[in-house]
Amino acid sequence: QEEVITMINIKENKLYINIKKRTKPTKYIVVHCSATQNLLKYTWKDIDAMHRAKGWACIGYHFVIRTDGTIERGRPLESIGAHAKGHNDESIGICLIGGIDSKGHSVDNFTQAQKDSLRELVGYLKDTYYPDAEVLGHRDLGAKKDCPCFDVREFLRCGSH
């Protein structure tokens, strides 16, 4: 009996630029937050615009997960990201829209749809491409911020929101 692997639904986007290719093995899958409110109106295009405003070539993440759970492609998987200083050439970056409240405070305000999509995307990436990659939050790599505002390892271990 043949095993059937279901491809997850990823909304593809075109960046129209070439980005340097990664040459190191993928050591990490790093989960981030957008440090915005968790509003459906925010998409990969908004993150792309924020990153370009910082002088970057384009969006720094490989994936963005919107509040409705839609997974959007950012940078191509084979490209170096711009999301985890010192680890960009050995990691894949996933950004969840949200992470701050209306007063600008860090908060785990992600929807169940986002968490479900995160679990699905991480499973897909590990099963299909990077079985040995460690999945962690940006803060677990020493970032001096709460990003992504929840314990990624605990979330994946417990299977809860």
Side-chain angles (χ1 to χ4, degrees), residues 3-22 26-84 87-101 107-131 133-139 141 143 145 147-150 152-153 155-156 159-161:
E3 184 179 347
V4 178
I5 299 173
T6 305
M7 177 74 161
I8 65 170
N9 187 20
I10 299 172
K11 183 180 177 294
E12 298 292 338
N13 298 298
K14 185 80 173 134
L15 288 175
Y16 301 105
I17 62 169
N18 289 320
I19 305 164
K20 190 175 178 182
K21 304 292 185 223
R22 295 186 306 125
T26 302
K27 189 173 180 180
Y28 303 109
I29 296 173
V30 185
V31 180
H32 299 263
C33 68
S34 62
T36 63
Q37 291 184 40
N38 64 335
L39 303 174
L40 183 58
K41 69 178 186 174
Y42 292 121
T43 71
W44 78 276
K45 285 184 179 183
D46 296 295
I47 306 299
D48 184 52
M50 287 181 217
H51 288 180
R52 288 176 191 258
K54 291 180 177 185
W56 300 359
C58 64
I59 188 170
Y61 307 113
H62 296 90
F63 298 96
V64 172
I65 302 178
R66 297 179 64 186
T67 59
D68 66 358
T70 301
I71 301 169
E72 298 179 315
R73 173 88 63 201
R75 291 188 179 207
L77 282 176
E78 68 274 4
S79 297
I80 295 175
H83 60 89
H87 300 283
N88 287 318
D89 56 351
E90 61 185 6
S91 64
I92 297 297
I94 301 171
C95 178
L96 298 167
I97 297 294
I100 63 169
D101 63 18
V107 64
D108 178 353
N109 58 0
F110 307 105
T111 66
Q112 188 63 50
Q114 283 177 295
K115 295 279 182 93
D116 291 345
S117 290
L118 175 62
R119 188 177 305 285
E120 182 180 21
L121 179 57
V122 165
Y124 171 74
L125 291 171
K126 286 190 64 72
D127 290 347
T128 309
Y129 299 105
Y130 316 113
E134 181 181 359
V135 184
L136 38 69
H138 188 198
R139 66 186 186 185
L141 287 174
K145 50 178 96 175
C147 182
C149 304
F150 68 98
V152 172
R153 291 176 178 135
F155 163 73
L156 292 172
S160 62
H161 189 304

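Quick note: residue numbers are just sequence positions, from 1. As the structure is a computational prediction, the values presented were derived from the model and not from experiment.
Under the 3.5 Å distance criterion, the side-chain polar atoms of Ser34 are matched with a main-chain donor or acceptor of Gly98. Between the side chain of Ser117 and the backbone N or O of Gly69, at least one donor-acceptor pair lies under 3.5 Å. Arg52 places no side-chain N or O within donor-acceptor distance of the main-chain N or O of Ile59, the cut-off being under 3.5 Å. With hydrogens and angles ignored, the 3.5 Å screen pairs a side-chain donor or acceptor of Asn38 with a backbone N or O of Asn109. Side-chain N or O atoms of Thr26 include none that pairs as donor or acceptor with a backbone N or O of Tyr28 at under 3.5 Å. A donor-acceptor pair is defined here as one N or O able to donate and one able to accept, closer than 3.5 Å; such a pair exists between the side chain of Gln114 and the backbone of Thr111.
Of the inter-residue distances, the one linking Ser79 atom OG with Asp89 atom CG reads 12.5 Å to the nearest 0.5 angstrom. Summarising the geometry, atom CD1 belonging to Ile10 is positioned 12.0 Å from atom OG1 belonging to Thr70; distances are rounded to the nearest 0.5 Å. Here the NE2-CD distance, from His62 to Glu78, works out to 8.0 Å after rounding to the nearest 0.5 Å. Rounded to the nearest 0.5 angstrom, Tyr42 OH and Gln37 CD are separated by 6.5 Å. Atom SG of Cys58 and atom CD1 of Ile19 lie 3.5 Å apart (nearest 0.5 Å). With rounding to the nearest 0.5 angstrom, the CH2 atom of Trp44 is 13.5 Å from the SG atom of Cys95.
Between Tyr129 and Tyr124, the ring planes lie perpendicular to each other; the angle is over 60°, past the 30° to 60° tilted range.
The existence of a salt bridge linking Arg66 and Glu72 is confirmed by a sub-4.0 Å separation between a basic side-chain nitrogen and an acidic carboxylate oxygen. In summary, Asp108 and Lys115 engage in a salt bridge, as defined by a charged side-chain N under 4.0 Å from a carboxylate O.
Counting non-hydrogen atoms of neighbouring residues, nucleotides and ligands closer than 6.0 angstrom, the NZ atom of Lys27 reaches no more than 12 such neighbours. No more than 12 heavy-atom neighbours from other residues, nucleotides or ligands sit within 6.0 angstrom of NZ on Lys41.
A donor-acceptor pair shorter than 3.5 Å cannot be found between the side chains of Lys11 and Asn9. Side-chain contact, His83 with His138: no donor N or O sits under 3.5 Å from an acceptor N or O.
Under the 6.0 Å distance and 45° angle rule, Arg139 does not count as a cation-pi partner of Phe150.
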